[in-house]
Amino acid sequence: MYRLDPDFFNLDYTLDCGQVFRWEKNGDWWTGVVGNNVIRLSQEEDSRELLIDSKLPPEFFSRYFRFDDDLSSIYESINRDLLIDRAINRYKGLRLIRQDPWECLISYMLATASSIPTIQKRIYLLSQIFGQELEDGYFSFPDPETLANADMSMLDLCKLGFRADRIKMAAEEVCSEELDFDALFRLEYKYARERLMRLRGIGEKVADCVLLFAFEKMESFPVDTHIRQIIQHYHIDDSYFETCTNLSCMGDWGREYFGRYCGYAQEYLYYQKRVEGFVSLY
DNA sequence: ATCCAGGGACATC
DNA sequence: GATGTCCATGGA
């Protein structure tokens, strides 16, 4: 057990905002599985110090929680209007997380048209049935080979619905190295997105989530149902915005409007909408 | 009962 | 390019 003292960091917002699905809070402590590690974290009320119950070194958490991102300059660059300004101030310290590409890919393929508790349940079942038990009740995420070779009757136990065959196909592509994660890292956002969207079950939204959360593409602007509702609800005085009705246009709008770090803007708007609905700006 | 949830594929126009 | 329907599942 040791401590870190990062600035601009709120553990609750970061783990609760809906970007990761394998953390749960009991009392003051969060428990989660990252790779083959069961990790427990807490944050002190007043000092804001991060308490870490894990054998992993500080460098691991600096990387995982993106302490290398300069949040104050990111806030400055994305703060374009009252709505995002409110979200930034209310949820200050929410950081994007550097996720594992494979787990992130499958997780967001399983997330389509589902509530967050349902997604969490699917991922838990998938890990319980196909992963390794690390501690009582905590399982590693299954590796690509296991899912590629999984038989459908076992996969159906995870309640994936129509998503089951999609993730099996994705697992096969990863195993055969037809889908190369290293290559995706090197590709520009636009081309990495096109590559991911060639997979069955990956459209613009899932591709953007995976690129934002696992491939360092901060210019991703995932348009899910909440973001769509936000854009439709707040008729911001912007001619480009006014004509923006379909989803892919909303993504382009977000990129242009918020700039290089629009992925951060997206996450703040998303979380604010989930927690508070359509907030008043007066 | 009906609608919605971190959507996407496919047909149709 | 824009629109409608279907796809499982679970909770409100």
Look for any protein N or O under 3.5 Å of an N or O in nucleotides 10-12 of chain B and output each such pair with its distance, or none.
unit_1: B:dC10; atom_1: OP1; unit_2: A:Arg200; atom_2: NH1; d: 2.3

What are the atom names and distances for every N/O pair under 3.5 Å that joins the protein to nucleotides 2-5 of chain C?
unit_1: C:dA2; atom_1: OP2; unit_2: A:Asn246; atom_2: ND2; d: 2.9

Extract from the structure each pairing of a protein N or O with an N or O of nucleotides 9-12 of chain C at less than 3.5 Å, listing the distance.
unit_1: C:dG10; atom_1: OP1; unit_2: A:Lys121; atom_2: NZ; d: 3.1

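B:dA5 atom C1' lies 14 Å from atom CG of A:Leu110, rounded to whole Å. Regarding A:Ile119, its CD1 atom lies at a distance of 11 Å from the C1' atom of B:dG7, rounded to whole Å. In this structure, A:Ile106 places its CD1 atom 15 Å from C1' of B:dG8, rounding to the nearest Å. Per the geometry, CZ belonging to A:Arg228 stands 12 Å off P belonging to B:dG8, to the nearest Å. Atom pair A:Arg166:CZ and B:dG8:P shows a separation of 8 Å (rounding to whole Å applied). A straight line from CG of A:Leu196 to C1' of B:dG7 spans 15 Å, rounded to a whole angstrom.
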request  = Could you go through the side-chain hydrogen bond (donor to acceptor under 3.5 Å, both in side chains) check for A:Arg95 and A:Thr14 one step at a time?
outcome  = CA-CA 5 Å; A:Arg95 285 180 177 274; A:Thr14 299; over 6 Å; no
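Side-chain contact of A:Thr112 with A:Arg163: a donor-acceptor pair under 3.5 Å is present, judged by distance alone.
Counting heavy atoms of neighbouring residues, nucleotides and ligands inside a 6.0 Å radius, atom CD of A:Glu76 does not exceed 12 of them.
A:Phe141 pairs in a side-chain contact (heavy atoms from CB on, under 4.5 Å) with only one of the listed residues (A:Thr146, A:Ile106, A:Val33), which is A:Ile106.
Across C:dA2 and B:dA5, the matching P atoms stand 23 Å from one another, rounded to whole Å.
At least one donor-acceptor pair closer than 3.5 Å links the side chain of A:Gln43 to the backbone N or O of A:Phe9.
With A:Tyr257 as the aromatic partner, A:Arg80 meets the cation-pi criteria of under 6.0 angstrom to the ring centre and within 45 degrees of the ring axis.
Cluster membership for A:Ile116 and A:Ile123, using ILVMFWY side-chain heavy atoms within less than 4.5 angstrom, is shared.
Residue A:Gln229 places at least one side-chain N or O under 4.0 Å from the OP1 or OP2 atom of B:dA5.
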